[in-house]
Amino acid sequence: MPYILDCEITSHQEVAPGHYRLVAHAPEIAAAAAAGQFCMLEVQEGFYPFLRRPMCFERIYPDSVSILYKIEGEGTRLLSRFTAGQSINIQGPLGKPFPLNGAYQRHIMVAGGIGIAPFPALAEAIIAQLGKTPEVIIAARNEDLLLCEDIFQQMGCKIHLATDDGSVGKKAFASEVLDALEPSKDSIVYCCGPMPMMKATHAVCQQRKIPCLASLEAEMACGDGVCLGCVVEANVEIEAERMVRVCCDGPVFDSTTIHWESY
Ligand SMILES: Cc1cc2nc3c(=O)[nH]c(=O)nc-3n(C[C@H](O)[C@H](O)[C@H](O)COP(=O)(O)OP(=O)(O)OC[C@H]3O[C@@H](n4cnc5c(N)ncnc54)[C@H](O)[C@@H]3O)c2cc1C
Ligand code: FES
């Protein structure tokens, strides 16, 4: 069962235009959480907005968790107004984490925009549990929106940057950068970001016959498998089983599970 706890915010800072990092003291949640899982944040006391907002764990520390988020609408705007010292209600951990498989030599993370959010925790887990140093492709619209480069540098990861405007790194899509790295059968890919970017990353992995784990997003109400508000279409013959729930069947899926043609 996930915890539902009031947690003290220990730090909350804008890290790029419209992007924030919130750290909360949450020892129980941190102890139970794994990379790829997420939590639901109550962004306002009272009834508006009614629904909690899902956010993955950026880092999992012994007694706290960090959340890296982008302002999208009203909920995240309200979230950005919380200050250090205030408490925030967190429900989690939820969902399935990234499975870790030590059989692969190359672990390549492919991130588009705020899709970078689950990867610092994943990189830490790969280093600590598999003894391998992952590579990361960080793609964003421009230089100002490239996130977490310093964190991956400190971990010793090989970093590949890509921007839409060419302001830094390659002027290329994340999937094109991945293809240029020539991943082969000793490689496994993890991706998170906009659906078209994950669809293109899945296509590269299919062509190269390598596994790809995709962390999906969907609008969520319950976060707990009940409301079916978060379903996505899967490649399943039986019609009744075709929709999978991002909140509890995912958010991490083997990319071959997803019916990408629908997106
Ligand atoms: C498992 C999971 C993990 C996530 N982790 C992160 C994270 O670490 N950092 C982060 O910045 N965001 C993350 N998101 C997305 C985040 O939950 C949404 O951006 C947020 O709920 C938007 O709330 P809002 O009230 O600000 O915007 P709203 O006013 O609710 O919506 C603004 C716009 O964003 C769209 N939108 C709303 N919710 C989602 C969603 N869940 N996915 C895609 N589009 C959405 C709406 O359709 C609308 O166009 C995650 C989503 C999921 C499902
Ligand atoms: S959010 Fe309710 S079933 Fe997934």
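Read the numbers this way: they start at 1 and go in the same order the structure lists the ligands and their atoms.
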* **Residue part near ligand 1, for I114, under 4.0 Å between non-hydrogen atoms** =>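 Only the side chain of I114 comes within reach of ligand 1.
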| message | Counting only heavy atoms closer than 4.0 Å, does ligand 1 sit against the backbone of M220, its side chain, both, or neither? | response |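 The side chain, only.
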Within a radius of less than 6.0 Å around [atom1] of [X], do more than 12 heavy atoms belonging to other residues, nucleotides or ligands occur?
X    : atom1 : value
Y69  : OH    : yes
R141 : CZ    : no
K199 : NZ    : yes
K132 : NZ    : yes

Among protein heavy atoms, which lies nearest [atom], and at what distance?
atom                    : result
atom 3 (S) of ligand 2  : L228 N, 3.1 Å
atom 9 (N) of ligand 1  : L68 O, 2.9 Å
atom 1 (S) of ligand 2  : G223 N, 3.2 Å
atom 12 (N) of ligand 1 : M55 SD, 3.6 Å
atom 16 (C) of ligand 1 : P54 O, 3.5 Å
atom 5 (N) of ligand 1  : C56 N, 3.0 Å
atom 28 (P) of ligand 1 : G73 CA, 4.2 Å
atom 13 (C) of ligand 1 : E217 OE2, 3.5 Å
atom 39 (C) of ligand 1 : E219 CG, 3.5 Å

From C247, does some N, O or S atom reach closer than 2.8 Å to atom 2 (Fe) of ligand 2?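 Of the N, O and S atoms in C247, none lies under 2.8 Å from atom 2 (Fe) of ligand 2, which means no.
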(message) Can you tell me if, anywhere in C230, an N/O/S atom lies at a distance from atom 2 (Fe) of ligand 2 that is smaller than 2.8 Å?
(response)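 Not a single backbone or side-chain N, O or S atom of C230 is under 2.8 Å from atom 2 (Fe) of ligand 2.
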Within the distance-only criterion (no hydrogens, no angle test), does the side chain of [X] pair as donor or acceptor with the backbone N or O of [Y] below 3.5 angstrom?
X    : Y    : result
Q153 : C157 : no
K96  : C248 : yes
S64  : V23  : no
S215 : C192 : no
H202 : A200 : no
N235 : T256 : yes
K185 : K209 : no
Q37  : G95  : yes

Flag [atom] as yes if some protein heavy-atom distance to it falls below 4.0 Å, otherwise no.
atom                    : result
atom 44 (N) of ligand 1 : no
atom 48 (C) of ligand 1 : no
atom 31 (O) of ligand 1 : no

Using a strict cut-off of 4.0 Å, indicate which atoms of ligand 2 neighbour a heavy atom of [X].
X    : result
A221 : 1 (S)
V226 : 3 (S)
C227 : 1 (S), 2 (Fe), 3 (S)
M220 : 1 (S)

- [ ] Pick, from A117, G36, A218, G18, the option with the minimum heavy-atom distance to atom 53 (C) of ligand 1.
- [x]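 Among A117, G36, A218, G18, the closest heavy atom to atom 53 (C) of ligand 1 comes from A218.
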query = So which of K70, E72, R53, R77 gets nearest to atom 25 (O) of ligand 1, if we judge by its closest heavy atom?
reply =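 That would be R53.
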What's the spacing between I151 CD1 and I116 CD1 if we round to 0.5 Å?
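The CD1 atom of I151 sits 9.0 Å away from the CD1 atom of I116.
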Query raised in the report: In Å and rounded to the nearest 0.5 Å, what is the CD to CD1 distance from E124 to I60?
Result: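 With rounding to 0.5 Å, CD (E124) is 8.0 Å from CD1 (I60).
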Q.
With the threshold set at under 4.0 angstrom, would you say V246 reaches ligand 1 through any of its heavy atoms?
A.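 Contact absent.
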*asked:* Between H12 and Y20, is there a side-chain donor-acceptor contact under 3.5 Å, judged purely by atom types and distance?
replied: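 There is no such pair (donor and acceptor under 3.5 Å, judged by atom type) between the side chains of Y20 and H12.
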Find all atoms of ligand 1 within a distance of less than 4.0 Å from any non-hydrogen atom belonging to [X], and give their numbers and elements.
X   : result
E74 : 25 (O), 26 (O), 29 (O)
F38 : 1 (C)
Y69 : 9 (N), 10 (C), 11 (O)
T76 : 24 (P), 25 (O), 26 (O)

Inset, instruction - Only one of F57, F38, F98 passes side-chain contact (heavy atoms from CB on, under 4.5 Å) with P118; say which it is. - result: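 Exactly one option meets the side-chain contact (heavy atoms from CB on, under 4.5 Å) with P118, and it is F98.
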Next on the checklist: Would you say atom 4 (Fe) of ligand 2 has C248 as a near neighbour, meaning an N/O/S atom of that residue under 2.8 Å away?
Outcome noted: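 Checking C248: none of its N, O or S atoms is under 2.8 Å.
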